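Encoded as structure tokens, the structure appears first; notes follow it.
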Amino acid sequence: MARIVGIDLGTTNSLVAYMDKGTPRVIAGRHERAMVPSVVALTDNGLIVGDPAKEHLTRNPERTVYSVKRFMGKGLADVQNELAYFPYTLTEKGGVIRIKLGEKTYSPPQISAMILKELKLRAEAFLGESITKAVITVPAYFNDSQRQATKDAGMIAGLEVLRIINEPTAASLAYGLQEKTQGTIAVYDLGGGTFDISILKLKNGIFEVLATNGDTHLGGDDFDQLIADIFVTDIRQQYGLDLKAFPDHMQGIRLEAERAKIRLSDELKTTVNLELPDGKGLFTRELTREQLESLCNALVERTLGPCRLALKDAGLTAADIDEVVLVGGSTRMPLVRQRVQALFGTQPHCELNPDEVVALGAAVQADILSGGTTDMLLLDVTPLSLGIETMGGVMSSLIRRNTTIPASAKEMFTTYVDGQTGVDIHILQGERELAKDNRSLARFRLKVPPLPAGVPRIEVTFLIDANGILNVMAKDMRTGETQSIEVKPSYGLSDQEVERMIEDSFKFAADDVSARKLIEARLDAGALIITTEKSLTDGGQLISADEVTAIRQVLSVLAAAKDGNDPRTIRARMADLEQAAKSLTVAMLDDSLKRGLQGKKVSEVT
Amino acid sequence: MDGHTHHHTSDRRELQMARSMCWHCQSEVSGEYFCDRCVKVQPVSKELDYFTCFGFPRRLSIDQQKLETKFYELSRAFHPDFYQNKSDAEQTISLGNSAMLNTAYRTLRDPIQRAEYLLDLEAGSVKDIRTTPPADLFEEILELQDTLDEFRASDRTSDAAAALRSQLQSERTALEGRQRDMETQLQQLFGRWDGLQDRGEATDQARAERDRILKDMRDILSNRTYVKNIVNDLVATIA
Ligand SMILES: Nc1ncnc2c1ncn2[C@@H]1O[C@H](COP(=O)(O)OP(=O)(O)O)[C@@H](O)[C@H]1O
Ligand SMILES: [Mg+2]
């Protein structure tokens with residue numbers, strides 16, 4: 001069976017991992033970085049992803065998409081409150097958010113697919129084989145539409161998504177493998193955009209999720225926003241300057257706020273410097289950990305409610321939890337650790353890198369699916385109750401939240417009017433009484449043979465599969481005939497649209513490849529320029545002044561080529577520079593050899 | 001556990017299984033969930049009850065530990081994770097069997113759901129859904145409904161509301177006590193049921209006793225559900 005990789009498609013960062021002889025490993029890209037920032041930018045040379053795209057956040061904010069995961073499976077109305085914070089333009093079509101980049105609009109699954117493709121390429125380059133199958137993780141509290149959108153993203157990226165698994169449970173797999181833990185554990189996952197809590201029982205290789213809860217709109221991004229807001233207020237007061245009118249500066253502030261927050265995880269106070277627009281100079285401000293904590297306290301508190309609900313649903317109290325595992329970058333905040341420790345009364349675990357543990361777990365699940373790991377089995381639950389709308393707009397629950405998946409429920413339908421030929425069914429997800437307060441998943445029309453009222457008997461099976469995704473089947477109990485059901489998702493792409501996006505993504509693949517070549521050439525050229533400059537500083541005195549001038553000349557030609565658009569030219573100029581700098585390299589090598597010999601006896605040399 | 005009746009249950013299961021043919025190689029399936037000949041997974045028969053599925057006799061007291069062990073064992077046999085490389089037909093069966101297994105486990109794990117399920121199997125009836133209060137609680141519940149309405153209409157910050165709230169609190173304690181009493185009664189009935197089954201007598205007297213237990217169980221179960229819903233409503237209102 002072809003290899004299956006594990007992918008953590010995060011709000012902030014994404015990673016790919018694989019199983020290497022029983023040990024999951026993340027795949028690092030250039031510069032040994034395993035994390036790919038979940039950022040996509042439209043540049044003059046096409047779309048770029050990851051670290052190079054991140055640089056465009058401040059240079060090119062209207063055309064640089066970050067935190068796209070927040071929009072997966074959503075309509076515009078769902079994100080109305082935060083629209084002001086995003087510098088790029090959002091619209092909606094067919095109940096699905098679209099993001100405007102230049103002339104074109106993209107659905108969130110398409111943007112996510114670009115990140116997935118980057119990871120796919122990275123895995124292919126590293127493993128030296130083509131990768132077409134993956135396990136992708138999602139927040140445990142993701143609803144059906146959000147899971148479906150993630151699956152669509154995989155398809156658009158040319159990946160068969162064999163399983164969608166929940167991030168906290170993936171983390172528990174990685175821990176379980178490493179620690180051979182038994183007992184009841186709580187996994188607390190606070191990332192950039194989402195929060196999840198899962199309570200699991202680990203016993204003899206079975207990972208049984210007892211309950212899960214969370215908030216798909218709570219994470220480090222929100223902390224950054226609070227910090228950025230106080231900077232903006234300060235700047236308005238001190239300089240009478242409204243930064244909201246400068247999207248590039250707003251992005252700069254957001255990034256600086258994040259950096260300050262991260263520093264304050266290790267330090268008690270830090271200084272923030274921000275270049276102001278219109279030549280207004282430099283804004284400087286001190287921020288203490290205490291200030292940060294009082295700012296973020298309410299948000300951290302908000303994670304505790306879901307923890308208590310999950311415990312209650314699991315039929316447990318905090319004292320029953322043997323171990324707590326921390327996942328996600330935001331759990332590095334001392335305040336978060338304190339609160340979690342206080343709630344569960346136990347020192348949380350963080351032996352595994354919280355940035356990588358989810359991807360590692362996805363790789364373990366991938367190995368289970370390919371038949372490599374056979375002693376471990378994950379039994380997960382559905383996070384939200386599933387039901388249908390009944391008379392009077394009330395939701396009738398069919399599958400309760402925290403039911404182990406796969407889960408199914410059957411419901412019999414009949415008619416109220418003679419000769420009626422259809423019954424409209426509205427599927428919902430959520431915990432509220434009224435249909436309108438829950439998430440609308442889909443609608444469909446059940447076909448019924450025209451008969452006297454009450455005579456038809458159509459049995460509808462609602463099945464939530466191991467991905468947490470709903471499948472609907474209907475059977476006419478009188479004839480035994482099954483009927484295929486076309487479900488129209490309320491907040492999702494239609495099959496045809498996904499199909500078209502897959503085609504598009506192939507069409508643009510050629511463009512993507514050349515864009516990628518350019519980016520790589522530029523990165524490599526940048527690295528070569530830096531090392532050559534360093535050699536000139538360290539060893540310039542070893543060669544003649546003319547030689548130094550010659551090298552500098554070739555170096556500036558390369559620097560110019562690097563700003564151009566042709567990867568081949570860049571590569572050629574790089575070769576020129578390597579050639580020109582040869583005398584320097586040789587001189588430095590000789591020198592270090594010579595110095596290595598000094599102080600040694602002649603007998604040792606020969 | 002009584003050897004005789006247990007034997008009886010497994011006979012039953014063999015009978016059900018023997019009737020089915022392997023969907024794949026058409027040979028008779030005598031193995032539990034897998035064809036003896038081609039080793040393909042078999043769909044769990046719709047007629048198979050949850051007790052039989054777990055290899056348990058129809059008793060109302062269950063060894064939770066054994067139940068869990070069996071659940072894990074069957075999960076390892078059926079879960080879709082282990083069918084990724086198999087045919088579509090096998091994947092569909094694995095999905096259906098897993099979903100059934102999860103429902104079965106959820107039902108048997110909880111004593112109340114287990115009893116309701118057994119009642120359904122034995123008396124072939126659906127759950128009684130009560131719409132009026134049980135006779136011995138009639139007055140009390142009508143009064144409670146009034147207090148609830150009054151509280152809902154009140155200004156929550158007023159003294160009157162505070163008084164109503166504390167009245168509702170004590171009502172809640174009383175009803176929860178009532179619920180516990182009913183659960184104790186149920187436990188006794190569960191014991192009587194299991195004893196009767198263990199003795200396995202086929203006398204008229206035993207049959208009459210059986211029917212009486214089932215009827216009492218049904219009444220108490222539906223009263224308990226009614227009270228439980230009232231308590232939930234009450235808790236939600238004063239929260
Ligand atoms: N040392 C740190 N202290 C505080 N927050 C951090 C630290 N390191 C990372 N973060 C925050 O963690 C978040 C990213 O976490 P990650 O788990 O990668 O997110 P996601 O799973 O959403 O992609 C960001 O908001 C980042 O600012
Ligand atoms: Mg994450």
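Reminder, nothing fancy here: chain letters follow the sequence lines and each chain counts from 1. A quick note: this is a predicted structure, and the numbers were derived from the prediction, not measured.
- Only the side chain of A:Leu463 comes within less than 4.5 Å of a heavy atom in chain B; its backbone stays farther off.
- The candidate with the highest count of non-hydrogen atom pairs below 4.5 Å against chain B, out of A:Pro406, A:Ser408, A:Gly205, is A:Pro406.
- Shown here is B:Lys40, whose NZ atom has more than 12 heavy atoms of other residues, nucleotides or ligands within 6.0 Å.
- Ranked by heavy-atom pairs under 4.5 Å with chain B, the list A:Asn204, A:Leu379, A:Ile399 is led by A:Leu379.
- More than 12 heavy atoms of other residues, nucleotides or ligands lie within 6.0 Å of CD in A:Glu160, so this atom counts as buried by the packing criterion.
- Comparing A:Thr404, A:Leu377, A:Thr374 by heavy-atom pairs within less than 4.5 Å of chain B, the highest count is held by A:Leu377.
- For A:Asp322, the CG atom is densely surrounded, since the number of other residues' heavy atoms within 6.0 Å is greater than 12.
- More than 12 non-hydrogen atoms from other residues, nucleotides or ligands lie less than 6.0 angstrom from CZ of B:Arg156.
- Here the NE2 atom belonging to B:His79 is positioned 7.0 Å from the CD1 atom belonging to A:Ile405, to the nearest 0.5 angstrom.
- Interatomic distance, CD of B:Glu68 versus NZ of A:Lys201, reported as 3.5 Å (0.5 Å rounding).
- The environment of CE in A:Met412 is crowded: more than 12 heavy-atom neighbours from other residues, nucleotides or ligands sit within 6.0 Å.
- Contacts of A:Thr461 with chain B are absent, with no heavy-atom separation under 4.5 Å from either backbone or side chain.
- Highest contact tally toward chain B, considering only A:Ile464, A:Thr403, A:Asp465, is held by A:Thr403 [criterion: heavy-atom pairs under 4.5 Å].
- Of the atoms belonging to B:Phe82, it is side-chain heavy atoms, and not backbone ones, that fall under 4.5 Å from chain A.
- Residue B:Phe78: no heavy atom, backbone or side chain, is found under 4.5 Å from chain A.
- Using a 4.5 Å cut-off between heavy atoms, B:Arg76 touches chain A through backbone and side chain atoms alike.
- Counted within 6.0 Å of CD on A:Glu433, heavy atoms from surrounding residues, nucleotides or ligands total 12 or fewer; the atom is thus considered open.
- Environment of CZ in B:Arg106: crowded, with over 12 heavy atoms of neighbouring residues, nucleotides or ligands closer than 6.0 Å.
- Note that the CE atom of A:Met376 and the CG atom of B:Asp81 stand 11.0 Å from one another [nearest 0.5 Å].
- A distance of 5.5 Å separates CD of A:Glu208 from CZ of B:Phe71, quoted to the nearest 0.5 Å.
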